[in-house]
Amino acid sequence: MDLSAFISERVVSGQKLLAPYLCAGFPNPEATLAILEALADAGADLIELGVPFSDPLADGPVLQAASIRALRAGMNLETTLEIAGQFQERRPTVPLVLMGYVNPILAMGRERFASKASAAGIAGLLIPDLPPECEGLLQAPGLPPLIPFAAPNTPIPRLEALGERGAPFLYAVSVLGVTGTRDALSKNVPVFLARAKQHSGLPVLAGFGVSRPEQVPELASVCDGVILGSALAKALEAADPAKLPGAAEAFLRPFRKALDAMGAPCC
Amino acid sequence: MPVLNALPDAKGYFGAFGGSFVPETLRPALAELEAAYAEARQDPTFETEFREALTTFTCRPTPLYPALRLSARIGAPVLLKREDLNHTGAHKINNTLGQMLLAKRMGKTRVIAETGAGQHGVATAAAAARLGLRCEVHMGEEDIRRQQLNVRRMELMGARVIPARSGTRTLKDATNEAIRDWVANVEDTFYLIGSVVGPHPYPTMVRDFQSVIGREAREQSLAVAGRLPSLAIACVGGGSNAMGLFHAFIPDERVQLIGVEAAGKGLDTGLHAATLTLGRPGVLHGAMSYLLQDADGQIQEAHSISAGLDYPGVGPEHAFLKETGRVRYESATDDEALRAFELLSELEGIIPAFESAHALAWLLRQAGQLSNEPVLLCLSGRGDKDLDEYLLRTQKEPSRGPIGLYL
């Protein structure tokens, strides 16, 4: 799927994007595909599928624990891509973005990874420890587009440069810090999101720290959508292991509702 | 071949190794650090402050000691570079003094560090106290338990020790936590890395601050022995004492450079820290280098009797020096290091750190096989900190109570 076209279509029509993150293999590998489908059915526009890693240094405690648990259950990049392929066959209209650290990809080998990822229908890549300057390390035929990150301290000239390089969207790390839920988001977040959007010219999805549907309107009013990671992992952790897809759906629906309630922009 | 000691390139690469693989939040901080360090290097005031600290706060130049009884055992003159005589007991202080001066110069109010056994943490706490900066040290919960003495030393000097509870709760995880802390507090916080690892410019900066070891040793060797050594040997965990020793000798092609890694219980047991010997290139903690990793690219646990060598990565410049063949990387097991620890104590009245004992162990394996040319070995630290572990491992009388507290 052409992720850029998919996202800009939504942006143009004023629809806000809802992008949940799920670490493959969490809480258990058998449930991953069913949880992905439940998320799609609950209104996810795109899903970030995480590849577990032993040393996830951009992640807070909740996603670290999810990663470790998935690894212990035997999840790896190879199996993650297999699940991605199965999901794409079942829900071809919901793009998957693969999120993971660079070392497991390097270990698979860049040619092999690019061809497997493209065969699995992966629409984009989010690699927190691979800056755009180092993209060459992964370049190979079929490699899905890399999605850049911006943080509140990213200088304006860099936002502009990221925009000029072009990407399906910009992942805005809304706080200085690692992933994890925050009860209160700083007042500066909307300012940053607006700045990121203005200077990159890219669609902007906001991640890191979003945990409650009430937080959504304020954020989404200045960007193009929100990413939910730790909050979903917490919900799954607390859920009855026999009812994980239901728990995922119940978690996501209120966010969908909050976004839809914002309606299309007036102009 | 590029001029080996002119590296890294502008992007922080030593050949294919190094670079800056960090989350976006850290990019501005690394750019700021790189600029501040480049500017400080050009400033004679900074150089003066650093030299002053090295002379008066620790005791540079450290002696080059002709170890006569050890020499007789080896069959070649052995010169020990006495980094164990530094303040806080190891070469670590050279780097912490340099970076702490830089942190102060940059107007940072809080300094964080990672530590394994606590040696870098202690050196950081000491340098922070000297300059009046707030200091917080991330240390694996497991290491805190094993290294109470160093925890107390850090606290006594005003540092706060933050337990790292993730992963294996050792150095690798303390490093992850320090990076996470830095990401969250990047505006007022300086991350003081303890070895030649991490994203650019750390491997270069730490090497530069440690390169005083090799510069002194080179001059001293010429003065004491009238010539350069045939061999220069150092242990390699992250590799800061080794880079510090090797750097000045890299252009001296006739000086053979040997880095000794920890083979733990044996290279074939899976329980070792021989990253360059058995690892593969990959990315961890901000740099491309050799790593201990499984087939899926997950980082593996390292094992060594020496907490300072117990790390699944290694400095990127070492990876480069390995690939170019300029440095030969060897290894020594826990048992060999223990025997070397005992032997140096008995022969020379010097108790070496377990880390340094690995370099000695390799040298002992060469006994009787070397020409009669001088051999230089970096005795990176003192071994008092390792006494409890030594007694435990050799099943001699176990320490009664906190023996370490009185060292």
Side-chain angles (χ1 to χ4, degrees), chain A residues 51-61 64-65 67-68 70-72 74-80 100-109 113 127-134 136-137 148-155 158-159 162 170-180 196 208, chain B residues 10-13 16 18-32 114 164-168 172-189 198-200 280-289 291-301 312-313:
Chain A
V51 184
F53 182 50
S54 55
D55 296 77
L57 53 77
D59 286 305
Q64 287 172 41
S67 204
I68 298 293
L71 286 175
R72 288 204 180 126
M75 186 52 62
N76 60 14
L77 177 55
E78 193 102 31
T79 313
T80 304
Y101 293 81
V102 72
N103 202 55
I105 298 176
L106 294 173
M108 177 176 270
F113 171 72
I127 308 179
D129 58 349
L130 187 79
E133 289 77 3
C134 303
L137 203 60
F149 292 81
N153 59 352
T154 301
R158 184 162 174 87
L159 291 171
L162 293 173
L170 182 68
Y171 186 125
V173 175
S174 59
V175 293
L176 293 178
V178 293
T179 56
F208 283 42
Chain B
K11 288 182 175 170
Y13 280 88
S20 187
F21 295 85
V22 295
E24 193 65 30
T25 313
L26 293 181
R27 292 196 64 81
L30 287 167
E32 182 194 0
E114 81 295 335
R165 299 201 167 96
S166 58
T168 54
K172 170 175 79 82
D173 309 287
T175 306
N176 289 338
E177 289 304 326
I179 294 173
R180 290 175 185 132
D181 180 334
W182 198 28
V183 170
N185 301 289
V186 65
E187 278 160 350
D188 68 347
T189 296
H200 180 64
R280 286 179 291 123
V283 171
L284 177 70
H285 295 153
M288 169 73 75
S289 187
L291 299 176
L292 295 179
Q293 54 180 316
D294 67 14
D296 287 334
Q298 306 296 341
I299 310 307
Q300 290 173 314
E301 224 178 309

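Every chain is numbered from 1, with letters handed out A, B, ... down the list of sequences.
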Part of [X] within contact of chain A (heavy atom distance under 4.5 Å):
| X | result |
| --- | --- |
| B/Glu187 | side chain |
| B/Ala295 | backbone |
| B/Thr175 | neither |

Would you call A/Thr154 and B/Arg27 a side-chain contact if the rule is heavy atoms closer than 4.5 Å?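 Answer no - side chains too far apart.
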Considering only heavy atoms from C-beta outward, does the side chain of B/Ser20 approach that of A/Pro131 to under 4.5 Å?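 They are not in contact (no side-chain heavy atoms under 4.5 Å apart), so the answer is no.
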side-chain contact (heavy atoms from CB on, under 4.5 Å) between B/Leu284 and A/Asn103, worked out: CA-CA 7 Å; B/Leu284 177 70; A/Asn103 202 55; over 6 Å; no
Is it the backbone or the side chain of [X] that comes under 4.5 Å from a heavy atom of chain B, or both, or neither?
| X | value |
| --- | --- |
| A/Ala65 | neither |
| A/Ile105 | neither |
| A/Glu133 | side chain |

Within this structure, what is the [atom1]-[atom2] distance for the pair [X] and [Y], rounded to the nearest 0.5 Å?
| X | Y | atom1 | atom2 | value |
| --- | --- | --- | --- | --- |
| B/Phe21 | A/Ile127 | CZ | CD1 | 11.0 Å |
| A/Gln64 | B/Glu177 | CD | CD | 5.5 Å |
| B/Asp296 | A/Thr80 | CG | OG1 | 9.5 Å |

Under the side-chain contact (heavy atoms from CB on, under 4.5 Å) criterion, do B/Glu24 and A/Val173 qualify, and how do the steps go? CA-CA 9 Å; B/Glu24 193 65 30; A/Val173 175; 5.8 Å; no
If you count heavy-atom pairs under 4.5 Å between each of A/Gly177, A/Pro52, A/Ser67 and chain B, which one has the most?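 Sorted descending by pairs with chain B, the first entry is A/Gly177.
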Based on non-hydrogen pairs under 4.5 Å, which of A/Asn76, A/Asn153, A/Leu106 is most in contact with chain B?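 Maximum pair count with chain B is reached by A/Asn153.
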Provide the closest heavy-atom pair for [X] versus [Y] in the form atom of the first, atom of the second, distance.
| X | Y | answer |
| --- | --- | --- |
| A/Pro155 | B/Pro28 | CD-CG, 4.3 Å |
| A/Asp59 | B/Arg180 | O-NE, 3.0 Å |
| A/Ala58 | B/Pro23 | CB-CG, 4.2 Å |

Please check: side-chain N/O of A/Ser54 versus main-chain N/O of B/Gln298, any donor-acceptor pairing under 3.5 Å?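 Side chain of A/Ser54 to backbone of B/Gln298, a donor-acceptor pair under 3.5 Å: no, none is there.
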Specify which of B/Ile179, B/Val22, B/Asp173 makes the most heavy-atom pairs with chain A at under 4.5 Å.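 The answer is B/Val22.
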Among B/Arg280, B/Lys11, B/Lys172, which residue forms the greatest number of heavy-atom pairs with chain A at distances under 4.5 Å?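 With the most close heavy-atom pairs to chain A, the winner is B/Lys172.
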Between B/Thr25 and A/Phe149, is the side-chain contact (heavy atoms from CB on, under 4.5 Å) condition met? List the steps. CA-CA 9 Å; B/Thr25 313; A/Phe149 292 81; over 6 Å; no
